[in-house]
Q: 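Have a look at this one before I ask anything.
Reminder, nothing fancy here: chain letters follow the sequence lines and each chain counts from 1.
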Amino acid sequence: MHDVFLYASVFLCGVMALSLYRAVFGPTVLDRLIGVNAIGSKTTALLILIGLIYDRVDMFVDIALAYATLNFIAVLAASRYFQKRKGLYDEMGDK
Amino acid sequence: MESLLSNFLAKYNYWVYIGLVMIGMYAMIAKRNLVKKIIGMNIVQTAVILFYVSIGAKKGKTIPIIAHGHEETGHHAAQAIDYISPLPHVLMLTAIVVSVATLGVALALAIKIYRQYGTLEEDEIALRINEP
Amino acid sequence: MGVYNLLVIFLLVSGLFFFFAGAVGILRFPDFYSRLHPAGKLDTMGLFTSMMAMALWVVHEWTLGAILTALKILLIVAFVFITSPTATHAIVDAGVRAGLLPWAKDSREDPT
Amino acid sequence: MDTLISIKPLLAVLVSLLAIPFIAYSRSPNVREGWTFLAAIVKFGIVAAMLPAVLNGMEISCSLVEVLPGLSIAFRVDAFGMLFALVASFLWIITSVYSIGYMRGLDEHAQTRYFCFFAISLSAAVGVAFSANLLTMYLFYEMLSLATYPLVTHHQDQEARTSGRKYLLYTVGASIGLVLPAMLMTYHLTGSLDFSPQGILAGTASRGTVALLLFMFVFGFAKAAIMPFHSWLPAAMVAPTPVSALLHAVAVVKVGVFSIVRVITAIFGTDLLQTFDLSTPLLLVASTTILVGSFIALSQDNLKRMLAFSTIAQLSYIVLGAALLSPKGVTGGMVHIAMHAFGKITLFFCAGAIFVATGKKNISEMTGIGRRMPVTMTAFFIGALSIIGMPPCGGFLSKWYLVLGALDADKIAILVVLLFSSLLNAGYFMPVVYRAFFCPPEEALFEARVQEAPLCCVVPLVITAVISILLLFYPQPFMNLAVMAAAKFTGI
Amino acid sequence: MIWPVDLIIMVLVMICGIGAIMVRDLLGAAILFGAYSFMMCLLWAIMGAVDVAFTEASVGAGVSAVFFVAAVFRTSRRTKD
Amino acid sequence: MKTFALITVLLLGGLLFYGTPDFPDWGDPASPASLHVSPYYIEHAVEDTAVPNIVTAVLADYRGYDTMFETAVIFSAGIACLFLLRVYRRKSARTRLYRHNLTGVTLRIAKGGKLPEGSAEFERIDSVWVPYDMIIKVTSRLIVPFVQLFALYVIAHGHHSPGGGFQGGVIFGAAIILYALSNDLRRAFRRLSEKAALLASAAGVLIYVGTGLLCLLLGGNFLDYSMLAEMLHTDAIMARSHGILIVEIGVGLAVMAVMVSLYYNLSSAGRHDEGL
Amino acid sequence: MTVNDAPANQSRNRIPKAQPPSTKPKRSPVPYILTFVVCMLTWLVLSGKFDLFHLSLGVVSCAIVSFASGDMLFATKNPKRLPGQWLRFATYVPWLLYQIFRANMHVMRLVFHPRMMDLINPQMIKFNSRLTSEMARFVYANSITLTPGTITVYVSLYGGYTVHAIDDASAEGLPGEMEARVAAIFRE
Amino acid sequence: MSAHFPGLVIIIPLVAAFLILIGALLDKRLAFPLTALALLGSLVTAIGLLARVMQVGVVEYHLAGWAPPVGIAYRVDHLNGLVLVAVAAVAFINLLGTRPLVVEAFGDRLGPFYTLYILLVAGLLGIVVTGDAFNLYVLLEIAALTGYALVGMGEGRAPLASLNYIFMGTVGASFYLLGVGYLYLVTGTLNMADLAVRLPALYPSKVVFSAFVICLAGLCLKMGFFPLHAWLPNAYSYAPDPVSSLVAPLMTKVMVYVMVRIMLFVFTPAFAFDLTAISEPMVWMAIVAIVAGSFLALSTRRLKRMLTYIVVAEVGYMVGGFWLGNRLGISGAILHIINDAVMTLCVFLAAAALIARTGSDAIDDMQGLFKKMPVTMAVFVIAGLSIIGVPPTCGFFSKWYLISGAIAAGQYGFMAALLLSSLINLVLFFRIFEIAYFEPFEDHHAEHPTGHGRVLSAVQEAPLELLVPLVVTAALLFALGIYAGDIVSLIIDKAIPLGIV
């Protein structure tokens with residue numbers, strides 16, 4: 001089972017890399033936000049997988065839980081930016 | 001050549017930390033935008049933290065929380081070799097705290113600068129300073 | 001490798017597949033709004049499935065601690081089920097307020 | 001050599017410093033000047049009280065604090081220092097009186113500041129005289145430079161500013177740039193900076209090092225106005241005349257030469273210089289200064305500037321005397337400190353008195369002034385004689401010894417220099433006297449009725465003039481001290 | 001042994017870091033920096049530094065990203081490099 | 001600038017590379033760093049402090065002094081931010097905006113006028129474009145208590161699982177930030193006012209330092225928790241364990257307050273009128 | 001304090017009628033107690049330690065939380081209806097999960113479909129819902145987001161929903177069965 | 001109680017910091033007396049500690065009761081006892097002196113100001129006392145962080161300067177941390193004494209050398225050593241006056257102290273001076289630093305900026321003196337840490353008084369100040385003389401040791417640089433004195449009513465509250481000068497390891 005988890009986490013890392021593409025190259029900020037949000041949910045799973053690999057899940061669950069919460073807060077903050085500052089291209093140098 | 005490769009593989013964590021330090025430093029020196037610089041600064045700090053955590057790592061050992069702690073009567077003494085060394089982690093907790101504190105102050109200053117000059121670009125600020 | 005393990009592996013793999021699909025969807029879809037669909041749904045589902053797998057795996061050793069751990073994992077799932085749609089909603093709301101035009105099939109303009 | 005431990009040297013230094021608060025916070029000018037006068041007298045009293053002991057061959061020493069390991073702020077009164085201190089403190093009394101007259105006569109501003117810094121300067125001068133080691137001397141030397149700065153720039157106008165700048169740059173600059181490293185190198189070589197009659201450098205350094213140190217010291221004490229470092233002195237003549245008088249005839253410049261002589265005799269030691277044959281370049285420098293200074297003086301029209309160049313020349317006599325390294329020469333040089341002080345101060349007093357009475361500064365405007373101000377101009381004549389070295393005055397004595405010293409040292413060239421410079425001296429002083437007494441005054445020059453300067457101005461210059469004459473006949477304390485000191489330094 | 005995960009995450013960390021400083025939009029940079037923090041957190045969890053990972057998760061992902069956004073909100077998103 | 005940066009960075013990288021070949025291999029259990037002091041902690045932490053989480057034990061006890069200053073650093077960051085940004089101004093003469101929740105009409109009420117706050121019908125808003133956003137508000141309402149509880153759990157269980165005062169404090173602070181984000185700054189102030197935050201941050205560090213001082217007054221060295229044994233009616237080992245808990249609570253309190261205060265100041269640029 | 005205190009020049013904004021809440025509505029202790037109970041349960045799951053010390057810590061923590069944010073979790077004015085709602089919600093969840101699963105399959109098909117561009121047809125649709133209570137709207141909105149190809153963009157004050165749908169099939173399903181089920185939970 | 005002195009010296013201000021904030025929330029006026037009380041306590045403790053060290057030698061204090069390699073230990077020897085007293089004294093005097101300025105500038109945020117102030121002092125004191133390499137980093141950061149905040153509150157370009165300061169400071173501290181990490185990697189310990197024991201076996205390792213270089217680079221950044229000084233002039237000159245008179249005297253000096261501590265007591269002189277060929281280049285860099293600092297000072301017409309460039313040059317003095325590597329040079333460097341702290345305090349305090357009264361920090365606006373503010377100017381003159389190096393002020397004596405060290409080491413370039421810088425300082429200060437002395441006073445506020453700066457009131461003597469500390473500092477300059485010999489022979493000599501001749 002150990003190996004399964006390992007392969008799963010490697011695979012998950014690969015998936016994260018795919019999401020990261022959107023985060024890094026996403027044309028707009030919001031695309032990046034989507035990418036990062038997606039990375040966040042994968043990270044939560046990955047943390048527990050690591051816990052399983054270490055055979056100490058009970059220690060990693062807390063981190064994952066904290067993570068799930070705080071990821072939400074970060075995304076919320078970023079989207080609040082647009083709710084208050086209307087424009088996506090506002091005050092960008094070269095419109 | 002092989003020794004070089006094995007050397008590389010045996011220490012890849014350290015290479016990555018060096019890379020991150022370089023990225024951060026580059027951002028701090030070459031970027032004109034103050035928030036970018038702040039990000040660079042944070043990257044340098046995390047790179048150092050990465051370095052420390054790498055020091056503590058031990059392959060195939062478990063995390064530094066004693067399993068089956070003191071509840072069981074007559075607990076067996078923990079073997080140092082079984083656990084990842086905790087000291088770097090302790091140090092880095094402090095370092096993270098420091099970095100977030102620095103970040104807070106730096107951002108506060110960035111806001112103050114923006115309030116004053118209306119821009120975060122260093123060259124534009126320089127222009128505004130020389131204007132009056 | 002009993003049935004139990006196979007079940008866990010199956011759940012895990014399907015979870016990973018959902019994740020993968022989400023990532024591909026994020027990459028493939030033409031505009032911001034449509035990208036949110038895989039991001040919001042497939043990720044949540046992937047998380048749900050894989051977490052289930054892990055919770056299941058954890059309770060194979062039937063002790064109180066393990067059960068509680070599994071419960072905690074379920075707590076995460078519950079949590080994500082509340083927050084993930086909200087996050088999706090927040091992002092899409094931000095997009096609308098930011099003035100991002102949705103990609104429409106008939107116009108076929110440059111996406112985003 | 002017996003040594004007395006006493007705090008008298010310290011007191012002598014401190015008296016004028018202690019008087020400063022009283023001077024600064026006096027309510028009326030009279031009280032203020034009273035304090036100055038009192039301090040001057042007390043200071044002279046203390047110095048004089050040490051005289052008998054010194055004449056008996058004792059040394060009075062007093063150590064304060066050890067500021068650096070093996071180096072302390074310490075005082076030691078020997079014959080040479082006594083000589084200088086005596087001159088300086090005595091002339092302070094006279095100058096105080098004169099200052100009162102001068103400053104009030106011209107209604108100068110910031111008189112309190114003036115008197116305060118005057119007092120500090122005197123402390124520093126006596127401190128230099130009594131210092132027991134190079135460090136202490138350096139301390140007081142710097143203190144003097146800085147304390148005289150406000151005096152030099154008393155008028156606070158543009159001219160004062162430029163000359164103040166020059167003054168400071170030359171004196172402090174040279175002392176930091178040259179004396180300090182020289183001192184440190186000496187300390188590094190010998191591990192000590194205490195003055196010793198035989199010098200302390202002997203046997204520790206090569207000839208090149210010694211030569212280097214010597215020239216660092218000689219030029220570093222820029223107050224002595226050795227030739228390339230002389231130009232601050234004429235510039236500093238913008239100061240009020242009492243300042244020029246006391247400080248540029250007595251305290252400042254004499255401190256410079258005193259320091260040079262001190263270093264030559266007590267750090268290097270005459271033997272060492274003789275061994276390494278370093279007196280010749282020194283003599284060369286001194287002679288050049290004498291001749292060039294005198295020549296420049298010839299061409300001056302401003303009386304004080306002329307006196308300043310005269311001073312430059314005369315100061316080098318003292319260096320010359322020391323550089324001759326023979327007992328007679330050294331004695332001559334030392335006595336010249338006193339003789340020149342009295343002579344030159346008389347001249348400055350006269351210049352000041354003329355300025356107070358007429359507002360004139362230039363020689364060309366003083367035609368016939370002797371008839372209006374006979375006392376002043378007579379004193380001027382006496383002072384001039386003293387500087388030239390003519391017999392009825394004290395200056396003759398010191399020149400005589402210098403000539404003897406030159407003969408002892410077989411330096412005929414020096415003899416020639418001395419005589420020629422005397423001629424030059426006469427050349428620039430006598431026309432003034434002649435013009436003052438024998439040319440009819442041009443009435444156009446004196447619209448107002450010119451009288452003698454106020455009594456406070458005239459009395460001091462009469463006193464100094466008289467003393468200048470008396471010194472030829474009763475040179476006792478100075479002569480004895482100089483002989484003692486020279487004997488000690490040259491080891492004979 | 002989980003070194004492959006370690007290695008991949010490290011590469012991702014580098015990418016995130018470079019992305020955070022290269023992107024021409026401060027809000028984007030802030031968001032990418034948040035992603036960088038996620039990665040770091042993972043990396044430390046992988047190396048067994050649970051407490052550090054926990055701290056980074058709470059600080060880097062939660063608070064410091066919010067701070068960045070707040071600061072960008074109060075200043076400007078514009079950047080020339 | 002770019003070339004200069006590149007050169008500097010390459011030089012720096014070279015310097016760092018230079019030393020690296022002599023490093024022990026990564027993850028080598030026999031590297032010197034793992035052999036000197038760390039083993040002591042691993043082997044004695046439970047005996048000395050009855051805390052299975054060695055990191056917590058080291059953090060709060062063996063090297064508790066570091067942690068005290070770490071808390072002080074955070075505290076000073078909060079104060080620094082306040083000091084730098086805070087704009088103290090009289091009540092502004094600006095009009096206030098209210099939204100009538102039944103009709104969606106926005107009211108503009110000039111200075112002096114006031115509508116009942118806290119009533120369900122009217123809602124004070126920061127600016128006209130603030131959207132009515134029910135979903136986010138409900139979500140925050142639902143999860144904030146749990147996040148807070150989780151934060152407290154993290155603080156309380158720092159002994160047995162990862163976490164501790166700092167993480168817990170941050171999460172608690174994040175909960176309040178979440179509340180402020182999803183509602184607005186004014187409502188957050190009602191939960192935790194600026195003064196309360198300051199007070200809490202100072203009080204938190206004071207708990208830490210005070211514990212240390214108490215140990216000092218009881219005869220031990222500074223921060224030597226075993227001196228608390230008599231006060232707590234336990235043995236020295238459990239006293240250490242409890243001492244760690246006390247200081248963790250202090251840290252948590254301080255960190256929570258500072259994080260919130262930092263957010264307040266940063267998001268409103270010190271004006272405290274309108275947040276993110 | 002009433003709106004009548006507002007200056008006259010603002011009169012055009014005067015609203016027809018405002019009920020002055022003369023006294024603050026007395027806070028019922030029930031939400032606090034409920035919060036405490038829920039928190040304590042959560043604590044037990046989280047903590048996993050049942051000795052006296054940790055339990056007392058838990059009690060203290062839950063007290064703090066219910067004191068600090070006891071008014072958040074149960075904002076409803078009518079706590080008596082809560083148990084029923086929860087029960088009905090519990091029955092709703094499996095259905096929702098099934099819907100989510102379907103939604104995911106749907107989206108996944110789109111994602112991996114080679115001619116994805118032809119299949120999708122992003123569109124914004126608007127409709128009004130009859131749900132009135134905040135909680136019901138919330139549950140409905142999030143359910144929409146989680147299920148087939150739709151995302152709630154905006155919920156207006158009046159219950160107007162703006163939804164982004166990925167394709168026509170998803171768009172047609174609204175408001176659909178789900179609304180009825182949610183309404184059933186909250187008895188609206 | 002005296003056994004707890006090493007702890008108390010930090011703990012008193014630390015506790016006070018929080019009490020001050022709470023007190024200030026109640027009543028703003030409480031902030032100052034509390035701060036003063038705490039710093040007084042700290043000063044008394046520091047003096048007690050120094051006395052104790054002089055009696056019994058090295059004092060160790062185990063925090064939390066754990067012995068060094070495991071726990072954190074404070075280790076007070078002659079070196080840090082001395083620096084401790086200097087830091088506490090400077091902070092205390094500055095606190096007393098700048099109260100009117102602080103009230104004027106930060107009246108609405110007194111609580112935070114004094115909290116930050118005292119935390120800064122606590123951090124600096126901690127840096128001095130600690131015997132643990134990592135603890136030093138934490139304290140470094142607390143001192144730096146509060147410093148950034150205080151600096152950033154100034155007018156004009158202060159926030160920008162402060163942000164740059166943050167960047168440099170953070171990089172410096174990170175480098176230091178990295179260096180410590182390298183050392184930890186090869187030794188497994190963080191305690192300085194333990195490091196010194198374990199390092200010699202590892203000297204050939206490249207890691208140790210890298211650690212050495214990185215640490216040194218970080219510290220040089222933090223102390224503003226010449227090529228890395230760019231942040232310093234702006235940060236210090238735009239900082240609010242009450243802050244620059246605290247930060248300028250202490251920050252760089254404490255960093256120099258840290259360098260001395262790390263080099264002498266962690267790497268040991270044998271490594272620092274002999275095994276690495278770094279002392280010669282360092283001395284040359286110091287020469288460049290001194291010369292450049294002096295000339296830069298010459299090029300500016302603003303008072304505080306000039307003073308900050310002098311600080312840059314003075315850092316060159318200390319670093320150069322230290323790397324001369326002989327007893328005289330190191331003594332000079334250590335003595336100069338003390339002297340320069342007091343000198344800089346004096347000169348910055350006087351500058352603060354002048355700027356507060358005239359409302360401008362341009363040198364050209366200082367006309368006629370000798371008349372208007374005689375005491376302040378007198379103190380300024382004394383401080384200037386001390387910086388120039390005129391006996392018997394203390395500046396002369398440290399310069400004496402430095403030059404002696406240079407001669408002993410044969411580094412005549414360093415000696416020349418010191419002398420040159422003295423001369424330039426002479427020019428610098430007398431340039432100011434000239435303006436203040438020669439040019440008649442004119443009320444230039446009338447000309448630029450909107451000009452920068454604030455005017456406490458019409459130009460007159462500084463308030464008594466500021467004058468007394470000024471005069472005390474000036475007296476200290478003399479006292480330190482006169483007792484320089486004692487300080488060196490009784491304290492500094494014992495602070496330097498015996499191996500150095």
Q: In terms of heavy-atom proximity below 4.5 Å to chain B, should E:Met14 be classed as side chain, backbone, both, or neither?
A: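 Both parts, backbone and side chain.
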Q: Relative to chain E, which segment of B:Ile84 carries a heavy atom at a distance below 4.5 Å: side chain, backbone, both, or neither?
A: side chain
Q: Scan B:Asn42, B:Thr46, B:Val35 and name whichever one has a side chain to side chain contact (heavy atoms under 4.5 Å, CB included) with E:Phe33.
A: B:Asn42
Q: To the nearest 0.5 Å, tell me how far B:Lys31 NZ sits from E:Met22 CE.
A: 4.5 Å
Q: Say you draw a straight line from CE of E:Met47 to CG of B:Asn13; how long is it, rounded to the nearest 0.5 Å?
A: 4.0 Å
Q: Decide yes or no on side chain to side chain contact (heavy atoms under 4.5 Å, CB included) for B:Val53 and E:Glu56, but give the supporting numbers first.
A: CA-CA 12 Å; B:Val53 174; E:Glu56 182 67 21; over 6 Å; no
Q: If every non-hydrogen atom of B:Leu93 is compared with every non-hydrogen atom of E:Asp51, which pair is closest and at what distance?
A: CD2-O, 3.6 Å
Q: Work out which heavy atom in B:Pro64 is nearest to a heavy atom in E:Gly48; give both atom names and the distance.
A: CD-O, 3.4 Å
Q: Between E:Thr75 and B:Leu34, is there a side-chain heavy-atom distance shorter than 4.5 Å?
A: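 B:Leu34 does not reach E:Thr75 side chain to side chain.
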Q: Quick one: pull up CE in B:Met28 and CD1 in E:Ile21 and give me the separation to the nearest 0.5 Å.
A: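 Between atom CE of B:Met28 and atom CD1 of E:Ile21 there are 11.5 Å.
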Q: With a 4.5 angstrom heavy-atom cut-off, is it the side chain or the backbone of B:Ala30 that approaches chain E, or both, or neither?
A: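 Backbone only.
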Q: Chain E heavy atoms under 4.5 Å from B:Ser54: which part of the residue, side chain, backbone, both or neither?
A: both
Q: Check whether E:Val52 gets within reach of chain B through its side chain, its backbone, both or neither, counting any heavy atom under 4.5 Å.
A: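 Contact with chain B involves both backbone and side-chain atoms of E:Val52.
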Q: So for E:Phe67, is it side chain, backbone, both, or neither that comes closer than 4.5 Å to the heavy atoms of chain B?
A: both
Q: Rounded to the nearest 0.5 Å, how far does CZ of E:Arg74 lie from CG of B:Leu107?
A: 14.0 Å
Q: Can any side-chain N or O of B:Asn33 pair as donor or acceptor with the backbone N or O of E:Arg78 at less than 3.5 Å?
A: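 Yes; at least one donor-acceptor contact below 3.5 Å.
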Q: What residue, out of B:Ile113, B:Thr119, B:Ile111, has the most heavy-atom pairs lying under 4.5 Å from chain E?
A: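 Of B:Ile113, B:Thr119, B:Ile111, B:Ile111 has the most heavy-atom pairs under 4.5 Å with chain E.
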Q: Mind listing the closest non-hydrogen atom pair of B:Leu103 and E:Ser64 along with its distance?
A: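 Closest heavy-atom pair between B:Leu103 and E:Ser64: CD2-CB, 3.3 Å.
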Q: Give, as side chain, backbone, both or neither, the part of E:Phe68 having an atom under 4.5 angstrom from any heavy atom of chain B.
A: both
Q: Sort E:Leu43 into side chain, backbone, both or neither according to what part of it lies under 4.5 angstrom from a heavy atom of chain B.
A: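 For E:Leu43, the contact with chain B is made by the side chain alone.
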Q: Keeping the roles fixed (side chain from B:Lys36, backbone from E:Ala20), state whether a donor-acceptor pair exists under 3.5 Å.
A: no
Q: Which distance, rounded to the nearest 0.5 Å, do you find between the CE of E:Met39 and the CG of B:Leu50?
A: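 Going from the CE atom of E:Met39 to the CG atom of B:Leu50 covers 14.0 Å.
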Q: Could you grab the distance from atom OH of E:Tyr36 to atom CD1 of B:Ile39, nearest 0.5 Å is fine?
A: 11.0 Å
Q: Only pairs of heavy atoms separated by less than 4.5 Å count here; which of B:Ile38, B:Val100, B:Ile49, B:Ile65 has the most with chain E?
A: B:Ile49
Q: Show your reasoning for whether side chain to side chain contact (heavy atoms under 4.5 Å, CB included) applies to B:Ile96 and E:Trp44.
A: CA-CA 12 Å; B:Ile96 291 179; E:Trp44 293 330; 4.1 Å; yes
